[in-house]
Number of protein chains: 2
Amino acid sequence: MSMSHALLISLLEKPSSGFELARRFERSIGYFWHATHQQIYRELGRMEAAGWIEGQAADDAGRTRKRVYQVLPAGRGELARWTAEPAEHLLPRDAFTLKVRAAAVMEELDLRPEAQAYMALHQARLAEYQAIEQRDFPELEGLSRRDRIQRAILQRGIRFEVCEIEWAQTLLQALE
Amino acid sequence: MSMSHALLISLLEKPSSGFELARRFERSIGYFWHATHQQIYRELGRMEAAGWIEGQAADDAGRTRKRVYQVLPAGRGELARWTAEPAEHLLPRDAFTLKVRAAAVMEELDLRPEAQAYMALHQARLAEYQAIEQRDFPELEGLSRRDRIQRAILQRGIRFEVCEIEWAQTLLQALE
DNA sequence: TGCTCCATGTAACACGTTACATGATTGC
DNA sequence: GCAATCATGTAACGTGTTACATGGAGCA
């Protein structure tokens with residue numbers, strides 16, 4: 001599983017506490033990997049036991065239990081190993097397409113309201129991604145390698161939302 | 001969970017045994033919902049207990065344990081209920097984008113071989129989908145509602161593979 | 001004082017994966 | 001007779017989800 005690797009990447013970007021990671025998994029990294037705080041704490045415990053990360057009481061901990069984790073060389077090595085490993089590329093499960101297939105086999109179902117909502121959702125996401133692009137990459141020239149890659153990730157989101165919106169229109173026609 | 005609904009749809013398309021379902025989940029319906037035979041048998045058992053489906057010894061069972069399941073009215077009702085229910089639309093987890101993000105934060109990683117393989121994979125899938133389209137929908141006129149919807153599902157796959165291929169090219173440029 | 005947010009955890013359960021077991025049928 | 005395939009299942013384990021518990025900090 002890649003939960004641990006998602007956490008290693010987040011911690012390389014910025015050493016953090018479990019709670020801070022949980023918040024980031026609802027935002028940036030959450031765009032392609034989601035996690036609940038329970039999964040995060042469980043995995044942080046395992047990774048610390050494995051020597052991949054190290055946690056220390058945070059500077060601003062006061063009397064709280066707040067601990068900040070950072071990646072150790074073994075964790076960096078594990079991330080490099082995993083990245084080079086050939087992947088499986090299973091198709092993700094998609095409940096909406098399943099519903100469309102249900103509508104194909106059950107004539108009495110009218111999926112048009114759902115399809116409309118689906119299109120609206122992806123239009124909203126597209127707008128969100130485009131706003132991030134404008135904010136983070138106003139200039140296209142002179143980006144560092146890191147920024148070029150970050151921007152490519154964002155472009156993937158944008159491209160896919162456009163696909164979804166166009167497809168939703170095709171679908172709505174088929175549902176008439 | 002939608003595992004049970006995926007099975008109901010498959011059984012509406014064609015009453016089947018668990019083994020036949022397992023095979024179909026490696027093909028057609030497997031394009032957007034995968035399952036192992038253990039999940040399938042477990043779920044068939046539950047659905048029969050719930051009165052959604054009914055299993056009977058197959059005509060061609062001989063002395064084997066082969067049982068063919070069909071959907072009961074309660075199962076049809078459940079499928080209709082689920083289809084109309086508002087969905088969550090969580091973003092799917094995507095290990096490859098995670099690897100790209102790892103490459104952004106670890107300069108020493110060269111992800112170009114992986115990115116090349118990724119592009120090749122999606123080119124192969126695109127070819128596969130296009131072959132199915134040619135085979136199943138040679139004529140665009142006069143399709144039934146059911147066929148129009150089936151074709152729309154296929155178009156989604158095609159559209160997405162094109163997206164992936166184009167994106168992989170963007171990514172390869174960013175990785176230079 | 002009470003409310004909200006920060007921060008970490010336990011417990012129980014559902015879901016998913018892998019390995020293994022069993023036995024009938026089909027074709028060589 | 002043997003191997004491959006059809007067909008169904010158990011067991012063990014790991015992952016993911018939900019509910020609940022605990023306590024500090026900041027603020028009105």
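Atom set for the values below is all heavy atoms of this structure, side chains included, hydrogens, waters and symmetry mates excluded. Labels below follow one simple rule: chain letters A, B, ... track the order of the sequence lines, proteins then strands, and each chain is numbered from 1.
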request  = Figure out the CG/C1' separation between A:Asp59 and C:dC6, and round it to whole Å.
outcome  = 17 Å

message = Parallel, tilted or perpendicular, judged at 30° and 60°: which one describes the rings of B:His5 and B:Trp82?
response = parallel

query = Under 30°, 30 to 60°, or over 60°: which ring-plane class applies to B:Tyr31 and B:Tyr129, parallel, tilted or perpendicular?
reply = perpendicular

message = Please tell me if B:Arg42 has a side-chain N or O lying less than 4.0 Å from either OP1 or OP2 of C:dT17.
response = no

ask   = How long is the line joining CZ of A:Arg24 and P of C:dA7, in whole Å?
value = 13 Å

ask   = Apart from B:Phe160 itself, which Ile, Leu, Val, Met, Phe, Trp or Tyr residues share its cluster (side-chain heavy atoms under 4.5 Å, direct or through members)?
value = A:Phe160

inquiry  = Angle between ring planes, A:Tyr118 versus A:Phe96, binned at 30° and 60°: parallel, tilted or perpendicular?
reply    = parallel

task = Using only heavy-atom distances, determine whether the side chains of B:Glu26 and B:His34 contain a donor-acceptor pair under 3.5 Å.
result = no

key: Short side-chain N/O contact to C:dG16 OP1/OP2 from A:Arg93, under 4.0 Å   = yes

query = Nearest-Å distance, NE2 (B:His34) to P (C:dC15)?
reply = 15 Å

request  = For A:Met3 and for A:Thr64, find the nucleotide of DNA chain D with the closest heavy atom, then tell me which residue's nucleotide is more 5'.
outcome  = A:Met3

ask   = Are the side chain of B:Arg101 and the backbone N or O of A:Ile9 linked by a donor-acceptor pair below 3.5 Å?
value = no

message = Students often get this wrong, so: under 4.0 angstrom with heavy atoms, is B:Arg65 touching a base, only sugar-phosphate, or nothing?
response = base

key: Phosphate contact (C:dT17 OP1 or OP2) by B:Gln38 side-chain N/O below 4.0 Å   = no

key: Closest-nucleotide 5' rank along DNA chain D - winner of A:Gln39 and B:Gly18   = B:Gly18

message = Whole angstroms only, please: what is the CG-C1' distance between A:Asp60 and C:dA7?
response = 11 Å

note = The first and last nucleotides of DNA chain D lying within contact of chain A, meaning any atom under 4.0 Å from one of its heavy atoms, run from D:dT15 to D:dA25

